[in-house]
Every structure is written in structure tokens, then in C-alpha cells.
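None of the values given here were measured: they were computed from a predicted structure.
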Amino acid sequence: MIVATGKSILKGIAIGKIKFLKKEQAKISDTAGDAAAELQRFEDAKALAVEQLQALYDKAVVEAGEDHAAIFEIHMMMLDDDDYIDSITEIINSQGKSAEYAVKTTGENFAETFASMDDEYMKARAADVKDISTRVVNILTGADTGLADSDEPFIIVAEDLAPSETVQLDKSKLLGFVTHLGSTNSHTAILARNMNIPALIGTDISEAWDGKLAIIDGYNDCIYIEPTADLLETLDKKRVYDLQQRALLQELKKKPNITLDGTEINVYANIGNVSDVGMVLQNDAGGIGLFRSEFIYLHSETFPTEDEQFAIYKRVAEMMGGKKVIIRTLDIGADKQADYFNLPKEENPALGYRAIRICLTRHDIFKAQLRAILRASAYGTVSIMFPMIISVREVLDAKEVLEECRQELIAEGVKLGEVEIGIMIETPAAVMLAEELAAEVQFFSIGTNDLTQYTLAIDRQNPKLDPFYDSHHPAVLRMIEQTIKAGHKHDCWVGICGELGADTSLTETFLRMGIDELSVNPGSVLNVRKTIRSLDLSK
């Protein structure tokens with residue numbers, strides 16, 4: 001038996017034979033005769049690549065949700081980038097090179113440029129430009145991608161997996177995957193989590209494993225090659241147990257989120273767009289605690305209009321049938337960039353021009369969104385939440401713009417509903433001013449991802465800092481408790497919408513602090529409910 005370790009993306013057990021993904025190296029011809037013919041070959045290959053990416057986007061929307069399918073929209077946009085196309089055209093025309101050589105060279109040059117940038121988000125684009133270039137080169141050369149169908153279930157082992165490759169795999173046959181490269185925050189890792197595929201990254205792999213029986217043990221961060229009979233029996237029982245537990249979770253639907261001693265709490269879900277609402281309803285969330293409206297902007301090539309946004313918010317409100325829908329206003333900037341905003345390059349974008357800071361200086365953008373949300377409030381229970389607040393002045397200014405929008409719509413004869421106003425608590429400044437802020441709003445939602453980042457002075461996008469990033473840090477937990485106490489002192493309810501909300505090792509801690517609501521990814525709703533119903537806070 002061989003044991004190889006890695007870093008687990010998803011806690012779970014997968015048992016099956018290994019399919020080693022060995023990608024054929026495309027055979028690239030250096031020179032070509034007719035430049036016009038090569039340019040046409042490139043255009044034809046690019047068009048086919050866009051068709052393939054659109055099909056992958058449609059498939060990913062169904063399997064992983066619209067947020068995670070967005071990577072394929074980014075890839076399609078990159079293929080149409082003027083600088084990218086100009087580079088390929090120039091190499092073909094001036095150097096007499098083949099289309100595949102021009103695409104490969106351009107891809108390598110662009111990837112190197114991205115990789116050398118200081119900004120972590122831009123560095124991550126290096127993998128994307130490599131992915132799209134490889135796709136076009138494979139089309140031009142007819143290279144085998146190694147993703148042929150299999151007759152039996154399998155575990156994929158590969159040097160790395162691009163997001164497009166992950167989506168192409170037959171999920172009915174895919175048991176799990178193991179890669180040598182990759183990171184826990186990569187697009188592929190996110191897709192794997194949403195598809196519930198046990199996976200390991202950072203593993204020393206071997207082509208000699210191909211065809212051998214293996215077990216991915218996501219609980220212990222390892223893979224066993226040719227396991228012993230005893231180990232196979234033990235981990236198969238664990239796998240079956242996991243499946244049984246998932247089935248038992250379904251029995252918790254329609255049951256209250258109430259502890260054994262009678263403490264009740266709301267469990268809501270986080271979404272990025274309309275397509276995620278199905279999962280919210282399927283997992284029986286009590287409402288939507290965080291609608292990340294910035295994804296509407298990230299999925300658009302221009303500023304979404306008031307009417308376009310209204311149609312989305314209205315549909316979500318109607319689909320939720322009166323359950324609370326909390327819409328966070330635009331939180332663009334930092335690691336979430338849209339080219340048409342023309343945001344300046346910043347040395348430290350996480351501390352820069354983002355979120356409410358953009359909205360309060362670009363009233364045209366802000367008012368279009370606020371008017372759309374207010375109009376949608378007539379069709380359900382809609383709340384507005386302002387992100388990245390650091391002062392009372394910002395809240396007052398945001399409320400002033402909101403009231404201006406409200407009066408305009410009333411004058412136009414538009415029907416409106418009642419709208420709760422809240423803010424995100426995600427900076428130490430907001431925690432320190434929580435009592436003053438609570439006097440101005442109806443609710444707080446603690447964004448634990450950014451609160452941890454800013455409290456610990458650690459860039460959460462930087463993988464080198466993973467060993468130092470501690471979301472359970474006493475300082476973070478004390479800030480959460482301080483926020484809850486301050487909110488309650490002024491009749492302001494308090495929730496958590498960051499990753500810690502789904503961390504069931506902290507559920508009891510949060511309930512003892514007095515938290516009113518937890519908003520988690522839809523797939524975690526029932527597990528959090530199960531934990532809540534097992535607690536007795538009277539002890």
C-alpha cells in the first residue's frame with residue numbers, strides 16, 4: 001500500500017480506480033506559408049473555443065451555480081481581448097508563424113505578465129490565460145485533452161486541473177480527484193466543493209498509479225493506493241455512513257432552528273444571483289441573509305441598468321415567497337474587478353477604493369441600484385445592507401441617498417414596500433463604533449472573512465499567509481461578541497454572513513454570544529440546523 005498526503009478540499013471518502021490524466025502535448029509547427037490562411041485558422045479556432053466555453057458555462061450553472069460558472073464568461077471575454085488578439089495577429093503577420101505558435105507564445109507572454117503583478121487577483125489570471133490559450137492550441141492541432149469518457153466510476157489524478165476540465169468530466173462517473181498543483185482558493189477547488197467531490201491538492205502523484213484501486217480520505221488529507229483489505233472495509237463503512245448522514249439531514253427540512261433548551265435562531269443562505277435561489281429553497285433556508293449584488297455587475301459588460309437590476313431583485317423576492325431577502329449593495333473592488341468601472345490600479349486594493357466608497361462618490365451607480373431595490377420591495381420582504389462601513393457619517397450619507405431615491409419613486413407613483421436598513425460589520429472601526437452605528441440601522445451582519453483579514457492584518461488572498469490566518473483568533477471572536485452586545489443594546493438584531501457562519505465548531509459559541517441569525521452557503525443550512533437542534537445552552 002502507498003500513502004500520499006495532500007491538502008483536502010472537501011471532507012469525504014472516495015473509493016475507486018485511478019484514471020491518470022496525461023494530457024497529450026500539442027505538436028506545434030513553427031512556421032507557416034500563408035499568413036491570411038493562418039489568421040483564418042485562428043479565427044475559426046477562437047469561434048469554436050467560444051462555443052465550447054458557452055457550453056461549459058451552461059453546464060457549470062446547473063452543477064455549481066452561476067457564481068462559479070462566471071469563470072467561463074471571463075474566459076470568453078479574454079478570448080476577445082484586443083491586446084490578446086493583436087499579439088497573435090502580429091506574430092502571424094510579421095514573423096510568418098503558424099496560428100498555434102502565435103497563440104501559444106501569446107498565452108505564455110500574457111501569463112508571465114499576469115504572474116509578475118503584485119495584485120493577487122491579477123496573478124490568478126495567469127492560469128486563466130494559459131487555459132484559454134491551451135484550448136485554442138488544442139483545437140488548432142487536434143491534441144487529445146485526455147478527458148475521454150470512462151465506462152466505470154473513477155478517481156482522476158493529474159498534475160493540475162483547469163476549471164474547464166473539471167466541468168467537462170462526467171460527474172456521474174467522477175468519484176474524486178487528486179492533483180499535484182492547485183490551491184484551496186482556486187476556481188477548480190471552489191467548483192469541487194459545490195459539486196461535493198472529495199479532492200486533494202498538493203500531492204506527489206505518479207503515473208504508475210493509473211488503473212489501481214485507491215481511497216481518497218478527505219478527513220485525513222491523504223490518498224491510499226492499493227489499500228489493505230482492512231482499511232478498505234473501514235473507510236467504505238465511513239463512506240456509507242456519510243451518505244446516510246446526508247440523507248438524515250433531509251429529514252430536518254421544515255423543522256425549527258431551536259436548541260434543546262428553547263433558544264431559536266434564524267438560518268439564512270448566501271446567494272450571488274437568481275440561479276442560486278433553487279438551492280436556497282431546496283435546503284429550506286429561512287431567508288436570504290446575503291445577496292451579493294456585485295455578481296450582477298461582474299456578469300455584465302456594462303453597468304447594469306435600473307430596470308435590469310429591478311427584474312433580478314423582483315424575481316428573487318417573488319421566488320422567496322415573503323421570506324426575508326437581504327440585498328448587499330455593490331461591493332466591487334479589491335479582488336472583485338469589472339473592467340468597465342475603470343478603477344485605478346492600487347498598491348493595496350483591499351484597503352482601497354471599493355464598496356460603499358465607490359457608491360458614495362458615484363451617485364449615478366448607487367441610485368440606479370437603490371431605486372431598483374426599492375421597486376422590488378413591493379414584491380416581497382426586502383432589506384438593504386451597506387458594506388465596508390467605517391463611520392456613522394457613511395451610514396447617514398447612504399441613508400440620505402436612499403431617502404432621495406424613495407421620494408423620487410413616490411413622486412413617480414411607484415408602489416414601494418417597507419425596507420429594513422442594515423450594514424456589514426467587517427472592519428475593526430465598525431466594531432469600535434458599533435453602539436453609535438446601531439442607533440442608525442435595524443440590523444448588523446458580520447462579514448467574518450474581511451473582519452478576520454483586517455483584524456489580523458493578513459491578506460486572505462495570499463496563500464503564503466495561510467499558516468498565519470486564524471479565523472478562530474480570540475481577537476476576532478471578541479469583536480464578534482462586542483458587536484452583538486452593542487447591537488442588542490440598541491434593539492438592532494445581529495447576524496453573521498461570513499464563512500464562520502457555517503463553521504459548526506463555533507455554532508454554540510455564537511449562540512451563547514446571543515447571535516440572532518447565521519447566513520451560510522445553501523448546502524450548509526441543514527447541517528447548521530442539525531447542530532443547533534443538538535445544543536443545550538442551559539448547561
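Here CD1 of I13 is found 12.5 Å from CG of L175. Values are rounded to the nearest 0.5 Å.
Taking the ring centre of Y268 as origin, the terminal cationic atom of K324 falls outside the region bounded by 6.0 Å and 45° from the ring axis.
Ring planes of F386 and F366: perpendicular class, angle over 60° (limits at 30 and 60°).
Looking only at side-chain heavy atoms (C-beta outward), V525 and V520 come within less than 4.5 Å of each other. Residues H363 and V401 form a side-chain contact, since some pair of their non-hydrogen atoms from C-beta on lies under 4.5 Å apart. Side chains of K255 and D284 form no contact here, defined as non-hydrogen atoms less than 4.5 Å apart. Within the 4.5 Å cutoff, the side chain of R529 has no heavy atoms near those of the P256 side chain. Between R357 and I390, the closest side-chain pair of non-hydrogen atoms falls below 4.5 Å. The side-chain heavy atoms of I312 and F291, taken from C-beta on, include a pair separated by under 4.5 Å. In this structure, the side chains of T329 and I384 come closer than 4.5 Å at one or more pairs of heavy atoms.
Minimum interatomic distance between F177 and I216 (heavy atoms only, all atoms of both residues): N-CD1, 3.7 Å.
If you check the side chains of T5 and D221, you find no donor sitting under 3.5 Å from an acceptor.
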Next item on the list: Report the C-alpha separation of S471 and E499 in whole Å, then their side-chain angles, then the decisive distance to 0.1 Å, and conclude whether the side-chain hydrogen bond (donor to acceptor under 3.5 Å, both in side chains) test is met.
Entry: CA-CA 9 Å; S471 57; E499 290 294 319; over 6 Å; no
